[in-house]
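Report on one structure; see the data block that follows.
All figures in this text were calculated on a predicted structure; none of them were measured in a lab.
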Amino acid sequence: MKKILLACLILALAGTAALAQAQVQAPAAPEVQGPTQQLLQTVTGSAADSILQSFVLITLLSIAPGIAVMVTSFTRIIIAFSFLRTSIGLQSAPANIVLISLALFLTAFIMAPTFDAAYRDGLKPLQEKQITEAVAYERITDPFRTFMLNNVREKELAFFQDMATETAFGAEPSERDLRILVPAFMVSELRRGFEIGFLIALPFLIIDLVVATVTMSMGMMMLPPTVISLPFKVLFFVLIDGWTLLIGSLVKSFN
């Protein structure tokens, strides 16, 4: 084994030496001049730009789930759907994939003007090489900043601004700074999601209380009240056209 490794090392060194000698003895290639050189430089620059754009696109796709949770309406919608399923008493219906897919499509519906503005003002001019990457970043993120400012609670925004003032952010941090705006928006969305969840759970809780009272008065101590209340809660949700009512309320809750 040692002999084989030694032979491979010798062959590699010999090949390297031969290649270096050939490069020394080979005549220097004539330098390209005129329009040909300009064409080669243009092609090289275009290839570098394409590689850079592909790298940025792959990076954005890898962090797309995090962006969907942080700066869009997805958080509030999925919390409301989770409260709905728990309040009815269903464990796996609708399935998680159904709720997440519906939340994603509703997010795309609500965020459509924001996505269109980001593409029209930032991404498209960047692809056409009309603006630089720094300008494109500001134009792409500006619609999302506007959306978050329109839906964030002033209390959370002031709270994070005060915390930023006490740290290394500077004396007067801007409310449009993503380091302040994103966490304030997420906390605000969590609060509103739980507020909506309370309003969703309240009528189903009343149904559970009524069914539990009736079953206990009838002496049905061994039968869990949730077994009887589940069909009534499903029937109630269907009769009031609950999905349309809930989705319409969620869409209208965003400014």
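One finds the CZ atom of Phe185 at 7.0 Å from the OG atom of Ser73 (value rounded to the nearest 0.5 Å). Atom CG of Leu99 is separated from atom OG of Ser82 by 6.5 Å, given to the nearest 0.5 angstrom. The line from CG of Leu205 to NZ of Lys233 is 9.0 Å long, rounded to the nearest 0.5 Å. Once rounded to the nearest 0.5 Å, the distance linking CD1 of Ile200 with CG of Leu246 reads 4.5 Å. For the atom pair CG of Leu104 and CG of Leu106, the computed distance is 9.0 Å after rounding to the nearest 0.5 Å.
By the 4.5 Å heavy-atom criterion applied to side chains, Phe160 and Leu181 are not counted as neighbours. Leu102 places a side-chain heavy atom less than 4.5 Å from the side chain of Ile247. Taking the side chain as every heavy atom from C-beta outward, Trp243 and Pro94 approach each other to under 4.5 Å. Glu189 is not listed as a side-chain neighbour of Met186, based on a closest heavy-atom distance of 4.5 Å or more. Within the 4.5 Å cutoff, the side chain of Thr141 has no heavy atoms near those of the Val71 side chain.
Nearest heavy atom pair, residue Ile100 against residue Phe74, reads O-CE1, 4.1 Å. Closest approach of Leu230 and Gly89 over heavy atoms only: CD1-C, 4.4 Å.
Without hydrogens or angle criteria, Ser249 side chain to Leu245 main chain gives a donor-acceptor distance under 3.5 Å. A donor-acceptor pair under 3.5 Å links the side-chain atoms of Ser217 to the main chain of Val214, judged by distance alone.
The closest side-chain donor-acceptor pair between Arg145 and Asn150, if any, does not fall under 3.5 angstrom. A donor-acceptor contact closer than 3.5 angstrom links the side chains of Ser253 and Arg76.
A salt bridge links Arg153 with Glu156: at least one charged nitrogen is closer than 4.0 Å to a carboxylate oxygen.
Ring centroids of Phe83 and Phe198 are separated by 6.0 Å or more, keeping the two rings apart.
Taking hydrophobic clusters as Ile, Leu, Val, Met, Phe, Trp and Tyr residues chained together by side-chain heavy-atom distances below 4.5 Å, Met111 shares a cluster with Phe109.
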